[in-house]
K.L.:
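Structure below; questions to follow.
In the text below, chain A, chain B and the rest are named by the order of the sequence lines, each starting its count at 1.
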Amino acid sequence: MRYWLFKSEPNKWSWDQQVARGEAGEEWDGIRNYQARNNMREMALGDRGFFYHSNIGKEIVGIVEVCALSHPDSTIEDARWDCVDVKAVRPFAVPVTLAQIKAAPALAEISLIRQSRLSVAPITEEEWGLVCAMGETDPS
DNA sequence: GCCAACGTTGGC
DNA sequence: GCCAACGTTGGC
């Protein structure tokens, strides 16, 4: 299993909206960046991801799971753009803020900081475990 | 509101 | 294929 980071502006698509979709999940649509798209094409069913609120909150608020493999983005008529579906797994007991992540030496190389504009990015297993611990949240 | 980072576009 | 111009993202 691999780990990923999904970023969303909460005034466009929030964790609460993701939770409301339940087991059905939701397309992670609207991605118009090749690197982000390529990351989604590499995802497998059951892969886990952090759900990060950008701009407002600037914190990791929950864990999602990939529940549909990469497929054409239904919001655009353009074969270039694919996306996966994700469903909420559990919220973070304590959200982990960007400031906390920046302050953690072991997270200096995390994609959230190193490629701050990339909205879908890989996370290492070590980073996954650390951030979950910081959020007092079950990493499984 | 500003600005750094960086991806995209289009002229050459 | 290069590079300047421009647009977008996202933190501050």
Side-chain angles (χ1 to χ4, degrees):
Chain A
M1 185 204 296
R2 296 178 68 185
Y3 301 99
W4 308 92
L5 170 74
F6 293 89
K7 295 201 296 191
S8 183
E9 294 182 43
N11 54 3
K12 291 181 182 161
W13 183 253
S14 70
W15 172 252
D16 285 345
Q17 287 172 286
Q18 184 68 56
V19 169
R21 296 291 295 131
E23 283 296 306
E26 180 78 11
E27 275 192 346
W28 200 262
D29 55 34
I31 300 300
R32 305 289 180 260
N33 171 284
Y34 291 109
Q35 212 179 336
R37 181 209 63 187
N38 291 344
N39 285 333
M40 289 197 287
R41 286 182 173 176
E42 286 186 30
M43 292 179 188
L45 289 176
D47 277 4
R48 294 294 168 105
F50 289 137
F51 192 110
Y52 175 78
H53 277 169
S54 61
N55 285 316
I56 302 165
K58 283 170 285 184
E59 57 193 8
I60 291 170
V61 291
I63 292 175
V64 292
E65 178 180 320
V66 176
C67 61
L69 293 175
S70 183
H71 58 79
D73 183 333
S74 71
T75 63
I76 190 171
E77 284 294 324
D78 187 330
R80 290 179 298 169
W81 303 120
D82 295 344
C83 63
V84 297
D85 292 8
V86 299
K87 65 179 183 183
V89 173
R90 73 178 65 87
F92 263 52
V94 183
V96 175
T97 66
L98 180 63
Q100 283 177 275
I101 290 166
K102 283 188 167 175
L107 296 174
E109 296 296 312
I110 198 168
S111 52
L112 179 65
I113 297 170
R114 276 197 33 206
Q115 285 181 282
S116 64
R117 291 182 52 214
L118 186 58
S119 56
V120 179
I123 293 286
T124 69
E125 194 171 356
E126 291 73 23
E127 290 162 350
W128 183 267
L130 226 117
V131 172
C132 288
M134 289 164 72
E136 298 171 26
T137 296
D138 178 1
S140 68

K.L.:
Can you measure Asn33(A) atom CG to dT8(B) atom P for me and round it to whole angstrom units?
P.N.:
6 Å
K.L.:
Could you please name the option among dC6(B), dG10(C), dG11(C) that lies closest to any side-chain atom of Glu9(A)?
P.N.:
dG10(C)
K.L.:
As a test of reading the structure: which of dC12(C), dC6(B), dG7(B) is closest to the side chain of Arg117(A), going by heavy atoms?
P.N.:
dC6(B)
K.L.:
Expressed as a whole number of angstroms, how long is the span from Tyr34(A):OH to dT8(B):P?
P.N.:
6 Å
K.L.:
Kindly say whether Pro139(A) contributes a backbone atom to a donor-acceptor pair with the side chain of Trp128(A) at under 3.5 angstrom?
P.N.:
yes
K.L.:
OP1 or OP2 of dG10(C) less than 4.0 angstrom from a side-chain nitrogen or oxygen of Lys7(A), does that happen here?
P.N.:
yes
K.L.:
Please identify which of these residues, Phe92(A), Trp4(A), Tyr3(A), meets the ring-ring contact (aromatic ring centres under 6.0 Å, His included) condition with Phe50(A).
P.N.:
Phe92(A)
K.L.:
Please tell me whether Phe51(A) and Trp28(A) form a close aromatic pair, meaning their ring centres lie under 6.0 Å apart.
P.N.:
yes
K.L.:
Just how far, in rounded Å, is P of dG7(B) from CG of Asn38(A)?
P.N.:
12 Å
K.L.:
Looking only at heavy atoms, which two atoms of Val84(A) and Leu69(A) are closest? And how far apart?
P.N.:
CG1-C, 4.1 Å
K.L.:
What is the separation between atom CZ on Arg114(A) and atom P on dG10(C), rounded to the nearest whole Å?
P.N.:
17 Å
K.L.:
What contact category does Leu98(A) fall into here, base, sugar-phosphate, or nothing, at under 4.0 angstrom with non-hydrogen atoms?
P.N.:
sugar-phosphate
K.L.:
Within this structure, what is the CG-to-C1' distance between Leu112(A) and dC6(B), rounded to whole angstrom?
P.N.:
16 Å
K.L.:
Without decimals, in angstroms, what is the distance between Gln35(A) CD and dT9(C) C1'?
P.N.:
14 Å
K.L.:
Measuring to OP1 and OP2 of dG11(C), would you say a side-chain N or O of Tyr52(A) lies under 4.0 angstrom away?
P.N.:
yes
K.L.:
Grab the CD1-P distance between Ile31(A) and dG10(C) for me, whole Å please.
P.N.:
9 Å
K.L.:
Distance check needed: dT9(C) C1' versus Gln115(A) CD, whole Å only.
P.N.:
13 Å
